[in-house]
Amino acid sequence: MGTALIYDEEMTSYKLLWDDPECEVEVPERLTVSYEALVRSGLADHCVSIPVREATEEEILLIHSEEYLEKVKKTPHMSVQELKDFALQFNAVYFHPNSYHCAKLAVGAALQLVDHVLMGKVRNGMALVRPPGHHSMRDAACGFCTFNNVAIAAQYAKQKYGLKRVLIVDWDIHHGQGVQYCFEDDPSVLYFSWHRYEHSIFWPHLPESDYDAVGKDKGVGFNINVPWNKVGMTNSDFLSVFCHVLLPVAYEFCPELVLVSAGYDSGIGDPEGEMCATPDIFAHLTHLLMNLAGGKVCAVLEGGYNLTSLSQSVCQTVQTLLGDPNPRPENLRSPCQSALESIHCVRWAHRRYWSCLGHAADLSSFQISTKPSGSPKEAGESTWKDKVAVVWPEPVKRVAPPVRTAALLSDEAVCPEGCKRLATSDKLDPRVAGKLRENFLEGEGDSEALSALSGLITLTEKMEKDEILNGLAVVRDITMATACVVQHVTMAPNNRVLVVCVGDGEAPSNITEDRKALVVRIGSRETKQSKCKNDIPVCLKKGCADVSGVIQAVFGLLLPLGYEFDPSLVLLVRMPGSEVSDGVWQQLTGLLQCLAQGHVLVLIQECEKSCVSPTACSLLGEPAPPLGQLQAPLPQDVEDMERLRRKLLADWTLLQTTAADTG
Ligand SMILES: NCCCNCCCCCS
Ligand SMILES: [Zn+2]
């Protein structure tokens with residue numbers, strides 16, 4: 001199933017007709033540069049092009065009032081002066097004779113995308129639209145927005161398809177207060193937004209944009225605001241919020257559809273956001289959402305006012321929706337203090353509503369930065385032209401290897417659909433054979449073991465050379481196989497391997513103190529205190545059968561560690577008897593492809609070969625099936641993971657969840 005792209009140049013046919021410094025950034029070129037970048041990069045050709053349509057009045061009235069719609073319907077016949085006067089009644093908007101038509105197309109585009117995804121015609125997609133939507137309210141236009149495209153799409157999805165749970169992720173740098181107002185009392189729509197706030201001195205200055213606006217009545221807990229109280233937030237800040245706030249809650253919520261208010265003014269160079277996250281981060285944010293809702297992800301453009309940053313970020317998003325491997329995240333470092341405060345505050349504010357946050361440290365553990373006193377003055381009132389020009393490197397080219405998934409199987413095993421069987425070349429390099437024999441085979445003449453190990457080495461070498469993206473191997477002795485891959489990979493100077501062992505078993509013996517290999521083991525046994533700090537045992541009382549416990553470990557520990565470690569290869573090992581469900585296993589296999597440019601090698605023990613086919617599906621880029629709404633993780637497990645996290649803080653900064661963590 002493909003990726004939809006919805007765009008029509010008709011939506012570039014309105015613009016600002018008078019002088020207005022606060023609206024001049026919202027130009028038609030925003031759409032043309034984004035679409036042209038997709039065409040130039042060849043990405044548009046790989047998408048399924050879906051035509052736009054005008055939204056009907058009935059669809060607009062899902063969210064907006066008749067009075068408001070009647071007012072907007074008059075704008076096509078207004079003079080420039082009348083348009084100017086009309087706009088004055090709202091906050092930071094402008095109108096044009098064509099803006100009503102374009103606003104209906106923007107809503108219609110979002111609904112087309114939702115229809116095609118929910119009818120299973122495409123897997124996911126992106127709608128490139130303007131005017132944006134997330135600031136507009138039932139009775140008012142606001143912040144360049146006329147109709148609330150994404151809010152209407154959510155209501156439409158619920159009404160037409162009977163959905164019970166819709167997640168809206170708003171990564172635009174402004175708070176989509178319009179969306180919040182629509183759903184703050186609605187437990188069927190979980191709204192997540194981060195936004196530049198600076199303790200309300202940034203537009204739109206709302207107290208209800210702060211972290212303590214958690215929703216109302218039946219909707220408490222279903223509105224998550226992460227305020228950025230400083231500018232300059234980086235990729236590390238963004239990933240920390242996804243791992244420690246959004247994703248654990250999103251998996252507990254288990255949405256049937258993910259709508260993204262995809263605004264790119266949160267990217268570097270944007271005059272509105274003044275943040276430092278680079279365009280490639282949107283590949284990671286997108287990837288981390290793609291195993292939710294069975295992959296049904298609809299991204300709808302909101303803001304984004306630096307034309308270079310915007311077009312690069314749109315390409316990063318679409319390329320990930322298409323399933324191409326992610327770029328390796330460049331030099332991640334510690335989230336900043338302000339971000340950690342925000343993360344702590346929002347986790348604390350929601351601790352009662354989401355069991356995954358049940359143990360968020362209470363606020364007394366550190367002093368929140370005092371909000372500036374006095375009335376909010378506009379943050380840095382300079383217009384975007386005064387902003388200093390920011391430069392950043394062009395995102396690296398993301399090329400999909402010719403073969404996506406290779407499989408190393410015994411001769412009689414059937415090769416899963418879509419995989420390429422690795423022909424274990426019988427001619428084995430005698431030096432390699434010698435080394436393998438002396439290191440791992442204790443002289444056994446076992447030619448089958450020898451060919452299996454040499455097949456593994458061939459797999460890793462083909463990944464290093466980008467001939468294949470990822471692979472799976474069915475082996476007889478999984479501990480030996482793991483040690484063999486670790487040994488081979490860590491021989492090369494700048495290789496690093498993240499070993500994820502699922503289920504109980506001995507960690508490979510050859511894990512060294514240097515940071516070339518990091519082992520994270522998720523199991524049930526209180527293994528003896530791990531001797532080396534690069535071997536991290538995560539113990540769950542009920543072992544890997546505990547879905548909530550594993551998910552808690554994945555987002556609270558494994559992914560932050562993995563991002564910071566930034567491996568060149570991920571080795572995912574399914575220990576025999578691990579009791580991990582295929583669903584959880586597929587989530588893991590899918591999520592871990594965000595690392596190492598997707599170079600994931602999965603090892604499965606011969607006796608577990610029944611999981612070969614679900615593993616192959618995930619390695620081939622199929623979204624993992626939803627896990628269902630998650631129960632609370634065991635308190636004992638959460639305590640143990642919290643204790644482990646605090647112990648690891650000394651070496652791993654992305655594990656931080658509170659400002660006190662750097663104590
Ligand atoms: N001084 C007021 C600035 C208003 N800025 C409006 C930004 C709307 C962004 C839509 S994504
Ligand atoms: Zn915005």
Side-chain angles (χ1 to χ4, degrees), residues 1-6 47-64 104-129 133-134 136 138 147-170 176 178-192 215 218-219 222-223 246 249-262 286 289-302 321 583 622-630:
M1 271 211 284
T3 291
L5 176 60
I6 302 179
C47 293
V48 177
S49 175
I50 306 285
V52 295
R53 69 170 169 84
E54 279 200 347
T56 65
E57 294 199 1
E58 185 190 5
E59 287 158 350
I60 293 166
L61 295 175
L62 283 172
I63 290 293
H64 298 284
K104 284 188 286 182
L105 290 177
V107 173
L111 301 185
Q112 284 282 80
L113 178 54
V114 165
D115 274 337
H116 281 73
V117 166
L118 290 179
M119 287 195 275
K121 293 181 181 163
V122 291
R123 170 178 296 161
N124 56 36
M126 174 147 214
L128 287 179
V129 303
H134 68 154
S136 62
R138 178 175 159 70
F147 298 135
N148 202 315
N149 310 318
V150 166
I152 295 170
Q155 213 63 312
Y156 177 84
K158 284 172 57 184
Q159 188 184 71
K160 181 171 178 182
Y161 296 90
L163 299 194
K164 298 280 174 292
R165 293 184 308 281
V166 178
L167 168 65
I168 299 175
V169 178
D170 187 336
V179 183
Q180 173 167 313
Y181 297 152
C182 290
F183 301 115
E184 58 193 344
D185 61 351
D186 181 347
S188 69
V189 179
L190 171 57
Y191 177 58
F192 167 92
K218 289 196 302 302
F222 294 93
N223 191 82
L246 173 62
V249 170
Y251 271 80
E252 187 168 334
F253 179 64
C254 188
E256 300 158 292
L257 173 67
V258 178
L259 297 175
V260 183
S261 267
T286 304
L289 298 174
M290 279 169 69
N291 286 288
L292 286 163
K296 294 194 266 311
V297 176
C298 300
V300 181
L301 182 66
E302 295 280 3
L321 289 172
E622 289 293 318
L627 294 172
Q629 292 177 270
L630 298 188

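Residues take their numbers from the sequence shown, with the count starting at 1.
Leu163 is not listed as a side-chain neighbour of Lys296, based on a closest heavy-atom distance of 4.5 Å or more. Within the 4.5 Å cutoff, the side chain of Pro187 has heavy atoms near those of the Lys218 side chain. Put simply, the side chain of His116 does not reach to within 4.5 Å of the side chain of Ile6, judged on heavy atoms. Side-chain contact between Tyr191 and Glu184: absent, with no pair of heavy atoms (C-beta onward) separated by less than 4.5 Å. Side-chain contact check for Val179 versus Asn148: some heavy-atom pair is nearer than 4.5 Å. Looking at heavy atoms from C-beta onward, Leu5 lies in side-chain contact with Leu128 at the 4.5 angstrom threshold. Within the 4.5 Å cutoff, no side-chain heavy atoms of Thr286 are placed close to those of Val260.
Under the salt bridge (charged side-chain N to carboxylate O under 4.0 Å, His left out) criterion, Glu54 pairs with Lys104, not counting sequence neighbours. For Phe253, the ring pair (Phe, Tyr, Trp, His ring centres under 6.0 Å) criterion is met by Phe222, not counting sequence neighbours. Arg53 is linked by a salt bridge (charged side-chain N to carboxylate O under 4.0 Å, His left out) to Glu59, counting only residues two or more places apart in sequence or in another chain. With sequence neighbours excluded, the residues satisfying side chain to side chain donor-acceptor pair (under 3.5 Å) with Thr3 are Asn124. Under the salt bridge (charged side-chain N to carboxylate O under 4.0 Å, His left out) criterion, Glu252 pairs with no residue at all, not counting sequence neighbours.
Atom CG of Leu246 and atom CG of Leu292 lie 8.0 Å apart (nearest 0.5 Å). Interatomic distance, Met1 CE to Glu622 CD, rounded to the nearest 0.5 Å: 7.5 Å. In this structure, CG in Leu118 is found 6.5 Å from SG in Cys298, a value given to the nearest 0.5 Å. Going from atom OG1 of Thr56 over to atom CG of Leu61 covers 8.0 Å, rounded to the nearest 0.5 Å. The distance from atom CG of Leu190 to atom SG of Cys254, rounded to the nearest 0.5 Å, is 12.0 Å. In this structure, Leu259 CG and Ile152 CD1 are separated by 12.0 Å, a value rounded to the nearest 0.5 Å.
Summarising the geometry of Ala109 relative to Val129, their closest heavy-atom pair is CB-CG1, 3.6 Å, with the distance given to 0.1 Å. For the pair Ala157 and Leu257, the tightest heavy-atom approach, listed with the atom from each and the gap, is CB-CD2, 3.7 Å. Residues Val300 and Ala110 come closest through the heavy atom pair CG2-CB, 4.1 Å. Counting all heavy atoms, side chain and backbone alike, Pro255 lies closest to Val166 at CB-C, 4.4 Å. Across all their heavy atoms, Leu167 and Ala250 have their closest contact at CD2-CB, 3.9 Å. Counting all heavy atoms, side chain and backbone alike, Ala151 lies closest to Cys182 at CB-SG, 4.0 Å.
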Requested in this report: Any chance you could lay out the side-chain contact (heavy atoms from CB on, under 4.5 Å) test for Val249 and Phe192, step after step, and finish with the verdict?
Outcome: CA-CA 10 Å; Val249 170; Phe192 167 92; over 6 Å; no
**Report entry** Full working for side-chain contact (heavy atoms from CB on, under 4.5 Å) between Lys158 and Val189
**Finding:** CA-CA 9 Å; Lys158 284 172 57 184; Val189 179; 3.9 Å; yes
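Although no hydrogens or angles enter the test, the distance criterion places a donor-acceptor pair under 3.5 Å between the side chain of Asn291 and the main chain of Ala624.
Taking the six-membered ring where the residue is Trp, His64 and Phe147 present tilted rings, their angle falling between 30° and 60°.
Applying the salt bridge (charged side-chain N to carboxylate O under 4.0 Å, His left out) test to residues at least two apart or on different chains, the pairs with a partner in residues 159-170 are Asp115-Lys160.
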